[in-house]
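Heads up: the structure comes next, in structure tokens.
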Number of protein chains: 2
Amino acid sequence: MTTIQDILSPYISLNQDEWNTFTSKLVRTEYKAKTTLVEAGTISKKIYFIETGLLRAFHLKNGKEISTYFAADNQFISAFASFLTQTPSFESLETVEDSITHSISKNALQELAIQNPKIETLNRILAENNFLCMLDRTLDLQSKTAKEKYLDFIEKNSPKIVQRMPLIYIASFLGIAPESLSRIRKEISIS
Amino acid sequence: MTTIQDILSPYISLNQDEWNTFTSKLVRTEYKAKTTLVEAGTISKKIYFIETGLLRAFHLKNGKEISTYFAADNQFISAFASFLTQTPSFESLETVEDSITHSISKNALQELAIQNPKIETLNRILAENNFLCMLDRTLDLQSKTAKEKYLDFIEKNSPKIVQRMPLIYIASFLGIAPESLSRIRKEISIS
């Protein structure tokens, strides 16, 4: 089984005592599919490390759900803007399949960062990754054709997300119609 | 005169020795208007603290310049994605008016952060601010009317940016036609 240590070790190197302190602040939770972790309009106080599962962030635009972030095993997810500013979230987080997460609260993360500079480094990396993810999606939406966007999506996302995230969510993430995405998928599987 | 200490003190609190170490890494440069600080396609190695001046970040989309970030006295500017990843920048940075900046290199900032956790905190805050700025612009572009976007722009930006940034740059930043922005400005000044 993958541990939190495995998930985080590319980013920070903690000794065993530091890991114990960090993991003592984590809360493991099992969620059924289609459970809301953060509801738009509420303040998000946690970051979630995913042991196993499939989750997404989405918001409403003209009454339609736009997915903006997908995550699966060994990744993070958060309503990051709300988490940072502690103001109501414009987006919701939900499980797409049954999921197990380890969450840490903003307060716990702040306290740990004061005690241990390596946790502040983790906080920096979380912010940088969120920035780069959003920029990547924004630029792709602006400049690529539907097919390029989907090929890029396959390359950048884990096979679990590509294979199991419902087509309608991926289509809204890429800013293309579900029928177009369906056609592109058929073209790719044939060629 | 505003000092770098004034600009940064809302974010980090350093003692005099720490300030001296930090400022010893800064390079003060005077630029004429319309000077390129970072050219798209090159790797950006610096963050710029602005003593005085007016600058913008922009990129090309279908052959047109799209401004994505404005900064003036006592603010920061960077080609942040390139700075973080050390890959070629999709965007350029340039001075709009004569400007004086204090730049710090990525290497210097990394070395300082290893020596002093407070600098790591500054790095985290820079990443968080870049994330929030980009999100803010992205959501505004999606959900607001042209007039709402401009009123919001006035509220969020310094008077210097609002008054002196050329209309064509602001229009591309807001994703509206220059003629529409011109009309909105007249409406606002009359009402």
Side-chain angles (χ1 to χ4, degrees), chain A residues 11-13 40 47 57-66 68-69 78-91 106 109-110 112-145 172 175, chain B residues 11-13 40 47 57-66 68-69 78-91 106 109-110 112-145 172 175:
Chain A
Y11 306 115
I12 46 168
S13 124
I47 285 181
F58 68 97
H59 66 272
L60 290 177
K61 183 181 160 191
N62 305 326
K64 279 193 181 168
E65 286 183 2
I66 311 290
T68 52
Y69 192 81
S78 66
F80 198 59
S82 174
F83 178 83
L84 284 185
T85 58
Q86 292 293 289
T87 57
S89 180
F90 74 99
E91 62 190 344
K106 190 176 172 83
L109 209 50
Q110 279 175 332
L112 289 173
I114 292 167
Q115 293 161 22
N116 186 345
K118 292 179 194 167
I119 304 297
E120 187 68 330
T121 298
L122 176 66
N123 287 337
R124 169 178 63 76
I125 291 167
L126 288 171
E128 290 175 357
N129 283 357
N130 273 286
F131 170 82
L132 292 171
C133 272
M134 186 168 50
L135 179 66
D136 200 47
R137 177 167 176 268
T138 307
L139 291 177
D140 281 2
L141 281 179
Q142 283 180 357
S143 61
K144 296 205 163 114
T145 67
S172 76
Chain B
Y11 306 116
I12 46 168
S13 126
I47 285 181
F58 67 97
H59 66 272
L60 290 178
K61 183 181 159 190
N62 305 326
K64 278 193 181 169
E65 286 184 2
I66 311 288
T68 53
Y69 192 82
S78 66
F80 198 58
S82 175
F83 178 82
L84 284 186
T85 59
Q86 292 295 287
T87 57
S89 181
F90 74 98
E91 62 190 345
K106 189 175 173 82
L109 208 49
Q110 278 175 331
L112 288 173
I114 291 167
Q115 293 160 22
N116 187 344
K118 291 179 194 167
I119 304 297
E120 187 69 331
T121 299
L122 176 66
N123 287 337
R124 170 179 61 78
I125 291 166
L126 288 171
E128 290 175 357
N129 283 357
N130 273 286
F131 169 83
L132 292 171
C133 271
M134 185 168 49
L135 179 67
D136 200 47
R137 177 166 176 268
T138 307
L139 292 177
D140 281 3
L141 282 179
Q142 284 181 358
S143 60
K144 295 204 163 118
T145 66
S172 77

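None of these values were measured; they are calculated from a predicted model.
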Note, A:L135 side chain near B:F80 side chain (heavy atom, < 4.5 Å): no
Which heavy atom in A:A127 sits nearest to a heavy atom in B:R124, and how many Å separate them? CB-O, 4.3 Å
For B:L139 and A:F90, which heavy atoms make the closest approach, and how far apart are they? CD2-CE1, 3.7 Å
Tell me the closest heavy-atom pair linking B:F131 and A:L84, and the distance in Å. CD2-CD1, 4.0 Å
Heavy-atom cut-off 4.5 Å, strictly under: side chain, backbone, both or neither for A:T138 against chain B? side chain
Hey, what do you get for CG (A:N123) to CD1 (B:I125), rounding to the nearest 0.5 Å? 10.5 Å
Nearest 0.5 Å, what's the CE-CE distance between A:M134 and B:M134? 3.5 Å
